[in-house]
Number of protein chains: 2
Amino acid sequence: MVRKSTSKETARKPNMREAILAAAEELFAINGFNAVSVRDIAQAAGANPGSVTYHFKTKDGLLLEIYRRHCGPMNLRRSELLAAARRVRDLQDRLEAIVRAYVVPAFTSGSDLAGGGARFTRLRAVMSAEGNEVARKIIAQTFDDTSHAFIDAIHESLPHIPRADIVWRSHFLLGALYYSLVTPERVSRLSRGEADGSDAAGAIEQLVQATVAAFQAPALDQTAPARRRPALSSKT
Amino acid sequence: MVRKSTSKETARKPNMREAILAAAEELFAINGFNAVSVRDIAQAAGANPGSVTYHFKTKDGLLLEIYRRHCGPMNLRRSELLAAARRVRDLQDRLEAIVRAYVVPAFTSGSDLAGGGARFTRLRAVMSAEGNEVARKIIAQTFDDTSHAFIDAIHESLPHIPRADIVWRSHFLLGALYYSLVTPERVSRLSRGEADGSDAAGAIEQLVQATVAAFQAPALDQTAPARRRPALSSKT
DNA sequence: TTATCTTTTGTACGATAGTACAAATCCCAT
DNA sequence: ATGGGATTTGTACTATCGTACAAAAGATAA
């Protein structure tokens with residue numbers, strides 16, 4: 001409280017560790033884990049390569065710390081919003097509130113961390129695509145509980161839909177969410193400027209609206225042997 | 001026709017070039033571009049590292065050739081299916097046919113190439129997440145036309161929905177499609193075995209059903225200033 | 001100030017990356 | 001069979017990777 005920072009991003013010397021974390025987060029989220037070297041991170045943070053080793057021991061350790069930094073606040077925020085959503089009476093409104101509780105923190109959580117949660121969610125998307133081992137372990141540990149909680153909540157508000165269908169649809173939701181953060185410029189390009197893929201609020205509204213409708217789609221009758229199922233090679 | 005191959009995957013010496021392409025495609029699709037070395041590819045193909053340089057000059061050239069190999073057949077198949085879908089009279093059925101025309105080739109095209117198009121689509125997903133430059137250029141050149149054609153077709157069958165909304169929803173479709181191919185095991189895990197994420201036919205049905213519903217969702221009224229828009233920091 | 005602990009710097013090492021290139025080998029028309 | 005182009009092999013070069021580690025610098029309490 002006593003020491004005021006210069007309020008510029010070139011903070012004099014409050015925490016080199018934080019600078020490295022921020023730089024790594026940004027670079028990993030944009031270029032992936034493997035394409036970014038420790039030297040790249042150090043340079044972006046204005047630090048020495050050896051300093052990264054000192055604070056985080058290894059490159060994996062650095063990624064691990066990034067996850068640790070974000071997972072807690074994000075899942076906490078999700079839990080709060082989910083709890084509130086569960087109390088919504090109208091089933092339609094409740095479903096929307098649940099979806100919103102899942103989506104919003106992915107764009108905005110970690111409000112104290114500059115840049116918000118969107119960058120971290122993008123990082124998760126990229127790590128997922130790269131099949132990063134460190135990320136995979138943390139995800140399974142940290143996010144599966146949350147995912148199950150959301151799936152259960154959605155299932156409660158849509159009792160006539162089989163759980164498997166809900167899992168699929170929430171999977172699609174996560175994929176859509178990830179992809180929106182990975183290539184937002186594609187939306188702008190394909191819409192010829194009518195939509196802005198980088199506008200978080202707009203993306204959230206679109207995503208929530210589309211996803212709620214997807215969840216409400218009729219159940220996929222898996223007992224009936226496929227009404228019509230075209231193409232697809234006959235074997236396998 | 002005269003020469004019969006041994007029908008084992010260790011084909012004696014038909015085409016080392018093909019073996020390298022197949023190995024690279026598989027490794028890139030699973031581990032990403034940067035995590036796979038030319039030596040890894042050569043070893044998986046039973047070839048010498050220098051042989052890769054001989055056939056494809058550079059690692060980028062190898063990736064480029066993979067794209068060239070698949071883009072043509074896949075977009076051709078999509079065009080055929082889209083043309084057929086456009087002739088469907090019932091608007092509801094037509095929308096489903098259009099979505100199916102977009103999704104099915106992503107899982108199955110390149111029928112002559114072993115493994116089908118799912119591997120290539122997964123590769124595209126991973127390259128997209130990694131922000132691969134080579135991939136980005138080819139995508140913009142090759143897929144934007146196809147994407148616009150589908151968006152237009154969907155727009156025709158849903159004239160009351162703004163084009164921007166349709167762009168967003170087709171973007172979500174692609175994200176969901178990608179993610180389904182990147183981490184199919186997540187579906188199996190979260191559904192506790194009730195659903196099989198690796199079952200292409202099942203994934204297609206789920207994806208089509210959910211996406212059609214998403215497209216049919218009410219238009220997002222963007223003139224009205226946000227019915228209710230919670231959370232999200234007030235600034236920015 | 002001085003002693004001690006923390007942090008940063010500079011540098012080096014071994015491993016591995018992409019690619020180049022000459023030699024060896026294979027394939028096939030003549 | 002043989003000559004010649006296509007292909008494969010083996011190896012080497014340079015660059016960069018992650019990481020280790022000793023020395024320098026900075027901070028803190030006595």
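Protein chains get the first letters and strands the later ones, always in sequence-line order, with residue 1 at the start of each.
Under the ring pair (Phe, Tyr, Trp, His ring centres under 6.0 Å) rule, A/Tyr67 has a single partner from A/Phe28, A/Phe33, A/Phe143, A/Phe120, which is A/Phe120. Screening A/Tyr179, A/Tyr178, A/Phe172 for a ring pair (Phe, Tyr, Trp, His ring centres under 6.0 Å) involving B/Tyr178 leaves a single residue, A/Tyr179.
Rounded to whole Å, the distance from CD on B/Glu18 to P on D/dT8 is 12 Å. Following rounding to the nearest Å, B/Asn31 (CG) and C/dA17 (P) show an atom-to-atom distance of 13 Å. One atom, CE of A/Met16, and another, P of D/dA25, lie 16 Å apart when rounded to the nearest Å. What separates CG of B/Asn15 from P of C/dC26 is a distance of 18 Å, to the nearest Å. In this structure, CG of B/Leu63 is placed 13 Å from P of C/dG18, rounded to the nearest angstrom.
Contact annotation: B/Tyr54 does not reach the phosphate of D/dT8 (side-chain N/O to OP1 or OP2, under 4.0 Å). Residue A/His55 has no polar side-chain atom (N or O) positioned under 4.0 Å from OP1 or OP2 of C/dT6.
A salt bridge links A/Arg100 with A/Glu205; the closest basic N to acidic carboxylate O contact falls under 4.0 Å. Look at B/Arg69 and B/Glu25 and you find no salt bridge, because none of the NZ, NE, NH1 or NH2 atoms lies under 4.0 Å from a carboxylate O.
Note that the CG atom of B/Leu123 and the CD1 atom of B/Ile30 stand 10.5 Å from one another [nearest 0.5 Å].
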Protein within reach of the bases, or only the backbone? For nucleotides 15-21 of chain D, mark each nucleotide 5' to 3' as B, S or -, using heavy atoms under 4.0 Å. --BBBS-
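A/Ser37 and A/Asp40 form a side-chain donor-acceptor contact under 3.5 Å, judged by distance and modelled atom types alone.
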